[in-house]
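Chain naming here is simple, since letters A, B, ... match the order of the sequence lines and numbering starts at 1 in each. For the numbers below, each heavy atom of this structure counts, side chains included, while hydrogens, waters and symmetry mates do not. Worth saying up front: this structure is predicted, and the values here are computed from it rather than measured.
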There are 2 protein chains.
Amino acid sequence: MQKIEHGFVMTGAKPNKNAMAANAGDTATGLDAMLCFAIYGAAHAFTRAYKPLLEPLGLTYPQYLVMMALWTEDGQKVKTLGDRLGLDSGTLSPLLKRLEQSGLVKRKRDAEDERQVKITLTPQGLDLKERSSGVMAEIGKATGCNLEEAVALREALVGLKDRLEGAESE
Amino acid sequence: MQKIEHGFVMTGAKPNKNAMAANAGDTATGLDAMLCFAIYGAAHAFTRAYKPLLEPLGLTYPQYLVMMALWTEDGQKVKTLGDRLGLDSGTLSPLLKRLEQSGLVKRKRDAEDERQVKITLTPQGLDLKERSSGVMAEIGKATGCNLEEAVALREALVGLKDRLEGAESE
DNA sequence: CGCAATTCAATTGCGTGCAATAGATTTATG
DNA sequence: CATAAATCTATTGCACGCAATTGAATTGCG
């Protein structure tokens, strides 16, 4: 199996902690490149890892994320889902339409506020939660992380995200 | 400014190291969900952070990655670029066509092996390297990572990716 | 040599992501 | 009350990302 190389941008500047420490303070040399490549690759790897597991369920990865959000709290507004997943209506509207066509959710405008659309799970949508229980276990195994690693990694990523989002004015 | 929440899937199971350690070994409870949400969010945050910086250069984020690959080594084959970036021809072909239309690269079939297409930088494509030097510095600042963090995070991500890619047979 | 298998780039089709816009509804303001 | 501003969903257009297919070129094997 052909393995994808990583760190190729750093020809002559390997991602070695000691080597990097030599020119500390020089964050522009490729460090950010290393990070952005790594995140880019890891995110796609995650998507690819989930794909064969989700296929039998008839879900794509983003659809799975939406379903997880609904399993956690049913009847959310499109807006709420968008905020939580970081997606806008341009992405969610067609995605939810597909989930509705698959018979997993229903969309209905809120009688109180006709602007909003509430997304509720159908019985099949709820069933899918049980049927998807193996997915998380599989991925958990595939990541091969112990708890310490996973928690640390998650916190680092969330922190990174927050800093990236908060730095737009500077 | 509305901040996007994170960790919402873990209602009642906060990403707290002590809390999680209580049910160690139970990787299916949401740990993988935490990770996949975090990576998903961080990857998009990166893309969004790069966007305003790359816009003046007329590049999208994936196009920027391709250009970086070419700045590191000019004249690469489409296949090589695909391997290094983890993209296939279905993604690269149209992307490279756009870069060619922008006047940044040229595509020419290899005379030795007519199957292959070599991508070479135009003078403008090379110029862009200098003009984009500020981008890396800006992102480096925006991430707000010190070297230790960045290197550790990168290695964790690469390791995660490798494990995810290597676990398909199991 | 001749033909099948392989390799490589391009194309097609579908599903995101996201900016920009439109349309409808609610809220705020005079 | 009327009108402007804000809110929310849907649509459009463009650019990925990837599976599947096509078509051309090369390699391998008898």
With sequence neighbours excluded, tell me which residues meet side chain to side chain contact (heavy atoms under 4.5 Å, CB included) with B:Ala156.
A:Leu153
Measure the distance from CG on B:Leu99 to C1' on D:dA15 and round it to the nearest whole Å.
12 Å
Can you tell me how far P of C:dT26 sits from CD of A:Glu112, to the nearest Å?
10 Å
Choosing from C:dC8, C:dT16, D:dA19, which nucleotide comes nearest the side chain of B:Asp88?
D:dA19
B:Lys118 has an atom NZ; how far is it from atom P of C:dC8, in whole Å?
12 Å
Atom-pair distance (CD on A:Gln76; P on D:dT9), nearest Å:
12 Å
Side-chain N or O of A:Gln116 closer than 4.0 Å to phosphate OP1/OP2 of D:dT9:
no
By nearest-heavy-atom nucleotide on DNA chain C, the more 5' of A:Tyr61 and B:Leu92 is B:Leu92
Would you say a side-chain N or O of B:Arg98 is under 4.0 Å from OP1 or OP2 of D:dC14?
no
Would the distance check show the side chain of B:Asp162 and the main-chain N or O of B:Glu165 forming a donor-acceptor pair, the cut-off being under 3.5 Å?
no
Quick check: does any side chain N or O of B:Arg154 sit under 3.5 Å from a backbone N or O of A:Ala38, one acting as donor and the other as acceptor?
no
Would you say the side-chain atoms of A:Thr122 pair up with the backbone N or O of A:Leu104, donor to acceptor, closer than 3.5 Å?
yes
Kindly state whether the ring of A:Tyr50 and the ring of A:Tyr64 have centres lying under 6.0 angstrom apart.
yes
Which residues, if any, of residues 100-111 of chain A bring a heavy atom under 4.0 Å of DNA chain D?
A:Arg107, A:Arg109
Return the pairing partner of D:dG30 with a 3.5 Å limit on both distances, Watson-Crick or G-U wobble; otherwise return none.
C:dC1
Going by an N to O cut-off under 4.0 Å, is there a salt bridge joining A:Arg131 and A:Asp127?
no
Nearest-Å distance for atom pair NZ/C1', residues A:Lys97 and C:dT16:
15 Å
Starting at CG of A:Asp83 and ending at P of D:dC8, how long is that distance when rounded to a whole Å?
9 Å
Whole angstrom is fine here: how far is it from CG in B:Leu54 over to C1' in D:dA15?
14 Å
note: B:Leu85, atom CG; D:dC18, atom P; distance rounded to Å ~ 11 Å
So B:Glu73 and B:Arg84, salt bridge (charged side-chain N to carboxylate O under 4.0 Å, His left out) or not? Walk me through it.
CA-CA 12 Å; B:Glu73 181 187 339; B:Arg84 293 186 170 171; 3.0 Å; yes
Closest-nucleotide mapping onto DNA chain D: is A:Thr91 or A:Tyr40 further toward the 5' terminus? I mean the 5' end.
A:Thr91
Looking only at D:dC16, D:dT9, C:dT16, the nucleotide nearest the A:Val78 side chain is D:dT9
Would you tabulate the pairs of protein nitrogen or oxygen atoms and nucleotide nitrogen or oxygen atoms of nucleotides 2-7 of chain D closer than 3.5 angstrom?
unit_1 : atom_1 : unit_2   : atom_2 : d
D:dT7  : O4'    : A:Arg115 : NH1    : 3.4
D:dT7  : O2     : A:Arg115 : NH1    : 3.2

Taking C:dT16, D:dA19, C:dA9 as options, the one with an atom nearest any side-chain atom of A:Lys51 is D:dA19
Is a side-chain N or O of B:Thr72 found less than 3.5 angstrom from the main chain of B:Met68, in a donor-acceptor match?
yes
Out of C:dG17, C:dT16, C:dT25, which nucleotide sits closest to the side chain of A:Asp113?
C:dT25
Does the pair B:Lys97 and B:Glu100 meet the rule for a salt bridge (charged side-chain N to carboxylate O under 4.0 Å, His left out), with working shown?
CA-CA 5 Å; B:Lys97 197 178 290 183; B:Glu100 187 175 42; over 6 Å; no
Given D:dC18, C:dT16, C:dA9, which nucleotide is nearest the side-chain atoms of B:Lys77?
C:dA9
Quick check for you: among D:dC18, D:dC16, D:dT9, whose closest atom lies nearest to any side-chain atom of B:Leu95?
D:dC16
Check every atom of D:dC8, C:dC18, D:dC16 against the side chain of B:His44 and return the nucleotide holding the closest atom.
C:dC18
Considering only C:dT11, C:dC18, C:dT16, which nucleotide approaches the side chain of B:Ser93 most closely?
C:dT11
Show, in sequence, the C-alpha distance, side-chain angles and deciding distance for B:Thr47 and B:Thr60, and conclude whether the side chain to side chain contact (heavy atoms under 4.5 Å, CB included) test is met.
CA-CA 9 Å; B:Thr47 304; B:Thr60 65; over 6 Å; no
Would the distance check show the side chain of B:Ser93 and the main-chain N or O of B:Gly90 forming a donor-acceptor pair, the cut-off being under 3.5 Å?
no
Between C:dT11, C:dG15, D:dT11, which nucleotide has the shortest distance from any of its atoms to the side chain of A:Thr60?
C:dG15
